[in-house]
Asker: 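To start, I am sharing the structure in question, which I have written as structure tokens.
Atom set for the values below is all heavy atoms of this structure, side chains included, hydrogens, waters and symmetry mates excluded.
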Amino acid sequence: MTTKNKIVILTGIPGSGKTTVLESTLELLQTHGIRYESVNYGTQMFEIAKKEGYVKNRDELRKMDSDTQKKIQTLVGEKISKISLKTNVVVDTHCTIKTPAGYLVGLPEWVSKSINPNVLVLIEGNAMEIHRRRMSDDTRVRDSDSEELIDEHQQMNRSCAISVGILTGATTKIIKNNNNELHNAVNELLHIMK
Amino acid sequence: MTTKNKIVILTGIPGSGKTTVLESTLELLQTHGIRYESVNYGTQMFEIAKKEGYVKNRDELRKMDSDTQKKIQTLVGEKISKISLKTNVVVDTHCTIKTPAGYLVGLPEWVSKSINPNVLVLIEGNAMEIHRRRMSDDTRVRDSDSEELIDEHQQMNRSCAISVGILTGATTKIIKNNNNELHNAVNELLHIMK
Amino acid sequence: MTTKNKIVILTGIPGSGKTTVLESTLELLQTHGIRYESVNYGTQMFEIAKKEGYVKNRDELRKMDSDTQKKIQTLVGEKISKISLKTNVVVDTHCTIKTPAGYLVGLPEWVSKSINPNVLVLIEGNAMEIHRRRMSDDTRVRDSDSEELIDEHQQMNRSCAISVGILTGATTKIIKNNNNELHNAVNELLHIMK
């Protein structure tokens, strides 16, 4: 009989520093001898959609009709659930994504239930700091939401996390990643993941 | 094979100016040659409940027991879904309604899933402006919530919208309809609906 | 044919004064000749888990694996639903509980749907007052969250309540229990329960 592995969903809006927090935490986990497979949800979507013959490049993902999207999303969820039979998994994804048509939920019911996570982590930041991080980011083209809209987005993500908790039983962990406090954020995530 | 028509759910608390925004947008859509059938959810509830023999007048709707209500609600959802086979549909309804027993959800799971919308629009306003609009409205008897309670109601509606998004995949679009900015609100709704 | 009995779920974070409000309201209801069975969700969990042989003491409840937990939770929900065939029921529980792994939802889908409540009441308080009540409480060991975290917790509970409303059709009633206004809170709960 095997002990159950953990499935952690890690989310955070652009500029929250999610990736930095995750990378530092994974390094520390390795020194503790704790194995995690890190899965990027978007990358998995693309790989499975390509394999199934629906798309050739990543831009085409958004153009799939909603039934195909649902089908691929469910396959990704099932793949993640399968990986978790062998090892702990951390899924790098979004609660909601801002699109011209509004907030698009990244964890709809069929995805949430197929992943069936233990914990959903929200990496949050101070709106002013996130705004500045975005403005000074030369490597990617980022939207320049006002601080008010950044707060709104983070608020919507909290609602999303609670809804996922209601559908799956997962806990919602809010981790603040403020400037000069990366160490704290990493420490908190470490406690969740180890 | 037919291209899929859009289903837009339009919501907003009393005084948000939802109806004004919708009417102006529908006029503009017509000049663009885009057809929408506008469905008032409450009116549909009444018509179907009357046809099925449950009520004679609109006041009796609230007195139906919850099983009957669920049944009628699902029939309305199915009717809307059917209309969308022929044309785009915009559904005028509420995320939550304030009742003496608390916030009543206008889009419970069985309604949301039977409508299966593409977008859920929240027409929001500044609490002070909504308060004033309500106080100066002679044509209807309206409750005079404090600004704090107006904000609370709009906040609850955001949570509701996200939950609907999780169950259906619909996006949540927040459109601000502030005084002297009707033009912007109409423009934003136009971009969603066209 | 029997008229349907009410199922009220009563929630509130530690220090909200939930229990005080409930006890005073139940006394008043008795003078009105209205019968309610008061069910503590946690106590029921323990009793059923013990009867089914999963635990011997209450501390072991949290150590049950998630499948067992789900099973017991569903049994509790069904028991509550059964009690409501004979009398009104008020269920004393939590929307979310703060744990080291984050906010744990007390009313996941399978619990909410098996209870199928009419109303979900949130007893809320001013964060400063709740903070002081917690600090001066000698009888229990309580965490000393900051006022900001108290507000955050109450906000998460509102999202939770709306999600439960979407899954079940229950209304969400927010009742403020501020210092020196217990009378108002009791009066509001009385109106919901009678």
Asker: How about the chain A/chain C donor-acceptor pairs under 3.5 Å, what are they, with distances?
Answerer:
{"unit_1": "Lys113(A)", "atom_1": "NZ", "unit_2": "Glu109(C)", "atom_2": "OE1", "d": "2.8"}
{"unit_1": "Ser159(A)", "atom_1": "OG", "unit_2": "Ser159(C)", "atom_2": "OG", "d": "3.1"}
{"unit_1": "Ser163(A)", "atom_1": "OG", "unit_2": "Ser163(C)", "atom_2": "OG", "d": "3.0"}
{"unit_1": "Ile166(A)", "atom_1": "O", "unit_2": "Glu109(C)", "atom_2": "N", "d": "2.7"}
{"unit_1": "Thr171(A)", "atom_1": "OG1", "unit_2": "Ala101(C)", "atom_2": "O", "d": "2.7"}
{"unit_1": "Thr172(A)", "atom_1": "N", "unit_2": "Tyr103(C)", "atom_2": "O", "d": "2.9"}
{"unit_1": "Thr172(A)", "atom_1": "O", "unit_2": "Tyr103(C)", "atom_2": "N", "d": "2.7"}

Asker: Answer with side chain, backbone, both or neither: which region of Ile97(C) has an atom nearer than 4.5 Å to a non-hydrogen atom of chain A?
Answerer: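 Answer is neither: Ile97(C) stays 4.5 Å or more from chain A.
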
Asker: What part of Val111(C) gets within 4.5 angstrom of chain A, counting heavy atoms only: side chain, backbone, both, or neither?
Answerer: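 Val111(C) has no heavy atom closer than 4.5 Å to chain A.
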
Asker: Enumerate the residue pairs fulfilling ring pair (Phe, Tyr, Trp, His ring centres under 6.0 Å) with a member in residues 163-182 of chain A, sequence neighbours excluded, ordered by first and then second residue.
Answerer: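 Sorted result for residues 163-182 of chain A: empty, none.
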
Asker: Identify the two heavy atoms, one from Ile130(A) and one from Gly15(A), that lie closest to each other, and give their separation to 0.1 Å.
Answerer: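 Minimum heavy-atom separation between Ile130(A) and Gly15(A): CG1-O, 3.7 Å.
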
Asker: State the CG-CD1 distance between Leu122(A) and Ile175(A), to the nearest 0.5 angstrom.
Answerer: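 Answer for the CG-CD1 pair, Leu122(A) versus Ile175(A), is 9.0 Å.
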
Asker: Quick one: are Val8(C) and Val91(C) in side-chain contact, heavy atoms under 4.5 Å?
Answerer: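 A side-chain contact is absent here, since even the closest heavy-atom pair is not under 4.5 Å.
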
Asker: Chain A heavy atoms under 4.5 Å from Leu104(C): which part of the residue, side chain, backbone, both or neither?
Answerer: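 Interface part for Leu104(C): both.
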
Asker: Does any heavy atom of chain C fall under 4.5 Å from the side chain of Ala170(A), the backbone, both, or neither of them?
Answerer: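 Looking at Ala170(A), just its backbone touches chain C.
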
Asker: Could you tell me the separation between the SG atom of Cys95(C) and the CD1 atom of Ile166(A), rounded to the nearest 0.5 Å?
Answerer: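 Separation between the atoms: 7.5 Å.
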
Asker: Nearest heavy-atom pair of Leu61(C) and Gly42(C): which atoms, and what distance?
Answerer: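 Closest pair (atom of Leu61(C), atom of Gly42(C), distance): CD1-O, 4.2 Å.
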
Asker: Sort out for me which of Val119(A), Leu120(A), Ile174(A) touches chain C most, counting heavy-atom pairs under 4.5 Å.
Answerer: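 Ranked by contacts with chain C, first place is Ile174(A).
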
Asker: Answer with side chain, backbone, both or neither: which region of Ile192(A) has an atom nearer than 4.5 Å to a non-hydrogen atom of chain C?
Answerer: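 Side chain of Ile192(A) only, per the 4.5 Å heavy-atom cut-off to chain C.
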
Asker: Roughly how far, to the nearest 0.5 Å, is CD1 of Ile115(A) from CG of Leu107(A)?
Answerer: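 Separation between the atoms: 6.0 Å.
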
Asker: Minimum heavy-atom separation for Cys160(C) to Val105(C), with atom names?
Answerer: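 Closest approach of Cys160(C) to Val105(C), heavy atoms only: SG-CG1, 4.5 Å.
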
Asker: Side chains of Leu10(A) and Val21(A), heavy atoms from C-beta outward: is any pair under 4.5 Å?
Answerer: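 A side-chain contact under 4.5 Å is absent here.
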
